[in-house]
Amino acid sequence: MSGDSVELSAGMASQICDQIRSVFSSPPSPSPVGSRALPPPLDVLVAEISAVAAAAGKVFVHGVGREGLMMKALCMRLYHLGLSAHVVGDVTTPPVSAGDLLLASAGPGSFSTVDAICGVAKSAGARVALLTARPEAGSGACRSADAVAYIPAQTMADGEEESGAPLGARLPMGSLYEGALFVLFEMVVLRLAEVLGQAPSHLRSRHTNLE
């Protein structure tokens, strides 16, 4: 790789990281659904997952598209932390019930499948924590949510022209929200490891050997 290519790659990486950093570095703003500011998404998720872990409940995750891939990545790490964690739709996923937690992502505020699954979990007595950039959407998922992790990032529902990033490194469609999810989940795992007393060796011991 030439020196120019290295410099170009480093510049683009820096611009992308700056876009993701901006999602977490903005000062708290009033909630779109009220005058009170919503707590940081990191605090919301750590509190919700810690509570279900203390009660020996199950954690379920759901999302669609690239959001769904980020949710699956979180589920893997929650399992490594020693939790009973499951991806909605897997053939081995157990039933949801009271004392369990559903973590669902709907960046634009609503997806028909996410709305429906949140409703099922709520009806079964489970808590629902919704990750979204549009908590004011009024969707079925928003109405089912017991807690909201508000992530103020561009999603598929927003136009690219709304981003202030340079055109060459401007993340398309919902990539900013999805990238923010990945970074957020890494922070969540680090905090949970402290709360649950899980050392890196504990996580590694639960990693599959069928690879």
Would you say the side chain of R191 lies within less than 4.5 Å of the side chain of D43, judging by non-hydrogen atoms?
yes
Apply side chain to side chain donor-acceptor pair (under 3.5 Å) to R66 and S175, showing your working.
CA-CA 8 Å; R66 284 162 54 100; S175 289; 3.3 Å; yes
Within one Ile-Leu-Val-Met-Phe-Trp-Tyr cluster: L102 and I151, side-chain cutoff 4.5 Å:
no
Would I49 and L103 satisfy side chain to side chain contact (heavy atoms under 4.5 Å, CB included), going step by step from the backbone distance to the final call?
CA-CA 9 Å; I49 298 170; L103 300 173; 3.9 Å; yes
Taking atom types as modelled, find out whether D115 and S112 have a side-chain donor-acceptor pair closer than 3.5 angstrom.
no
Answer yes or no: is there a side-chain heavy-atom contact under 4.5 Å between L184 and L131?
yes
R77 and H80: side chain to side chain donor-acceptor pair (under 3.5 Å), yes or no, with the steps?
CA-CA 5 Å; R77 285 292 186 250; H80 291 158; 3.1 Å; yes
Could you please spell out the steps behind the side chain to side chain contact (heavy atoms under 4.5 Å, CB included) verdict for M71 and V87?
CA-CA 8 Å; M71 299 304 290; V87 175; over 6 Å; no
Within-4.5 Å side-chain heavy-atom neighbours: Q19 and I16:
yes
Hydrophobic clustering (ILVMFWY, side-chain heavy atoms < 4.5 Å, transitive) - are L69 and F185 grouped together?
yes
A side-chain contact here means heavy atoms from C-beta on lying under 4.5 Å apart; do L176 and I20 qualify?
yes
Quick check: do V188 and L42 have side-chain heavy atoms less than 4.5 Å from each other?
yes
Taking a hydrophobic cluster as the set of Ile, Leu, Val, Met, Phe, Trp and Tyr residues connected by side-chain heavy atoms closer than 4.5 Å, whether directly or through intermediates, do Y177 and F182 fall within one such cluster?
yes
Would you mind reporting whether F60 and P94 have side-chain heavy atoms less than 4.5 Å apart?
yes
Counting C-beta onward and ignoring hydrogens, is there a side-chain heavy-atom pair between S14 and C17 closer than 4.5 Å?
no
Same cluster (ILVMFWY, side-chain, under 4.5 Å), L192 and M76:
no
Is it true that D146 and K122 make a salt bridge, defined as a side-chain N closer than 4.0 Å to a carboxylate O?
yes
V44 and V148, any side-chain heavy atoms less than 4.5 Å apart:
no
Residues V23, Q154; criterion side chain to side chain contact (heavy atoms under 4.5 Å, CB included); working and verdict
CA-CA 9 Å; V23 174; Q154 177 181 305; over 6 Å; no
